[in-house]
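Remember, it's a predicted structure, so these values are computed and weren't measured experimentally.
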Amino acid sequence: QVQLVESGGGLVQAGGSLRLSCAASGRTFSNYAVGWFRQAPGKEREFVTTINWSGSITYYADSVKGRFTISRDNAKNTVYLQMNSLKPEDTAVYYCAAGIRGGRYSGAYDYWGQGTQVTVSS
């Protein structure tokens with residue numbers, strides 16, 4: 001079992017930055033890929049980015065490529081999402097998830113956090 005807790009969300013103006021953290025406890029976190037997903041009101045949950053177990057491979061949704069950066073520190077059991085040049089359309093609840101396979105599809109992840117709200121004002 002892996003427990004995930006997101007933090008770092010909040011209210012920011014367009015063009016600003018936030019850094020989200022996903023802290024893990026439980027089973028060996030370094031065995032798992034981690035993904036970030038987001039869900040805006042009235043919309044389906046969508047893929048944002050993912051990182052493999054070692055941090056050597058990352059993928060991004062086209063909508064965030066060049067603005068968001070995912071990284072991980074396995075010694076601290078934490079994955080980070082640095083979000084720059086934020087836009088109002090980035091407003092959503094952001095979830096981190098862990099899974100052995102990882103990838104772009106939410107079904108590949110076994111463990112999910114409770115989410116953290118990110119609101120970007122125009």
Side-chain angles (χ1 to χ4, degrees):
Q1 193 79 1
V2 175
Q3 292 80 41
L4 302 173
V5 178
E6 302 95 337
S7 61
L11 174 64
V12 65
Q13 289 188 332
S17 298
L18 283 174
R19 189 176 80 156
L20 305 185
S21 298
C22 174
S25 60
R27 302 182 70 175
T28 307
F29 181 62
S30 60
N31 289 344
Y32 293 85
V34 174
W36 285 96
F37 293 78
R38 66 187 182 186
Q39 188 167 18
K43 295 187 177 181
E44 293 187 353
R45 189 172 297 185
E46 66 172 358
F47 168 77
V48 177
T49 180
T50 186
I51 190 167
N52 73 330
W53 66 274
S54 67
S56 62
I57 301 173
T58 59
Y59 293 106
Y60 296 90
D62 288 343
S63 58
V64 306
K65 201 172 294 182
R67 300 188 297 122
F68 290 12
T69 303
I70 189 171
S71 61
R72 68 188 298 161
D73 185 340
N74 285 339
K76 295 182 178 180
N77 285 350
T78 302
V79 170
Y80 304 98
L81 180 61
Q82 178 67 44
M83 305 187 296
N84 298 329
S85 302
L86 282 161
K87 304 175 181 180
E89 51 263 44
D90 294 318
T91 295
V93 177
Y94 284 70
Y95 300 89
C96 67
I100 293 296
R101 292 179 292 162
R104 298 175 179 267
Y105 300 103
S106 59
Y109 295 87
D110 301 304
Y111 306 103
W112 290 80
Q114 292 301 304
T116 185
Q117 176 71 46
V118 171
T119 303
V120 184
S121 64
S122 57

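Looking at Tyr32 and Tyr111, their side chains come closer than 4.5 Å, going by heavy atoms from C-beta outward. Here the side chains of Met83 and Val118 are in contact, with some heavy-atom distance below 4.5 Å. The shortest side-chain heavy-atom distance between Leu81 and Trp36 falls under the 4.5 Å cut-off. Here the side chains of Thr91 and Gln117 are in contact, with some heavy-atom distance below 4.5 Å.
When the salt bridge (charged side-chain N to carboxylate O under 4.0 Å, His left out) test is applied to Arg45, no partner is found at least two apart in sequence or on another chain. Contacts of Glu46 classified as salt bridge (charged side-chain N to carboxylate O under 4.0 Å, His left out), with partners at least two apart in sequence or in another chain: Arg38. Lys65 meets the side chain to side chain contact (heavy atoms under 4.5 Å, CB included) test with Tyr60, Asp62; sequence neighbours excluded.
Judged purely by atom type and a 3.5 angstrom limit, Glu6 has no side-chain atom pairing as donor or acceptor with the backbone of Thr116. Formation of a donor-acceptor pair under 3.5 Å by the Gln114 side chain with backbone atoms of Val5 is not found in this model. Checking side-chain atoms of Arg67 against main-chain N and O of Ser85 turns up a donor-acceptor pair under 3.5 Å. Side-chain N or O atoms of Asn77 include none that pairs as donor or acceptor with a backbone N or O of Phe29 at under 3.5 Å. Distance alone, capped at 3.5 Å, is enough to place a donor-acceptor pair between the Asn74 side chain and the Trp53 backbone. Arg104 contributes no side-chain N or O that, together with a main-chain N or O of Ala61, makes up a donor-acceptor pair within less than 3.5 Å. Side-chain N or O atoms of Thr78 include none that pairs as donor or acceptor with a backbone N or O of Ala23 at under 3.5 Å. A distance-only check finds no donor-acceptor pair linking the side chain of Ser56 to the backbone of Ser54 [under 3.5 Å]. A donor-acceptor pair is defined here as one N or O able to donate and one able to accept, closer than 3.5 Å; such a pair exists between the side chain of Thr50 and the backbone of Val34. Between the side chain of Gln82 and the backbone N or O of Arg19, no donor-acceptor pair lies under 3.5 Å.
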Between Glu89 and Val120, does a side-chain contact (heavy atoms from CB on, under 4.5 Å) hold up when you go through it step by step? CA-CA 8 Å; Glu89 51 263 44; Val120 184; over 6 Å; no
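Between the OH atom in Tyr95 and the CD atom in Gln39 there is a gap of 5.5 Å [rounded to 0.5 Å].
When ring centroids are compared, Phe47 and Tyr59 stay outside the 6.0 Å threshold.
Ring geometry, Trp112 versus Phe37: the interplanar angle falls from 30° to 60°, so the pair is classed tilted.
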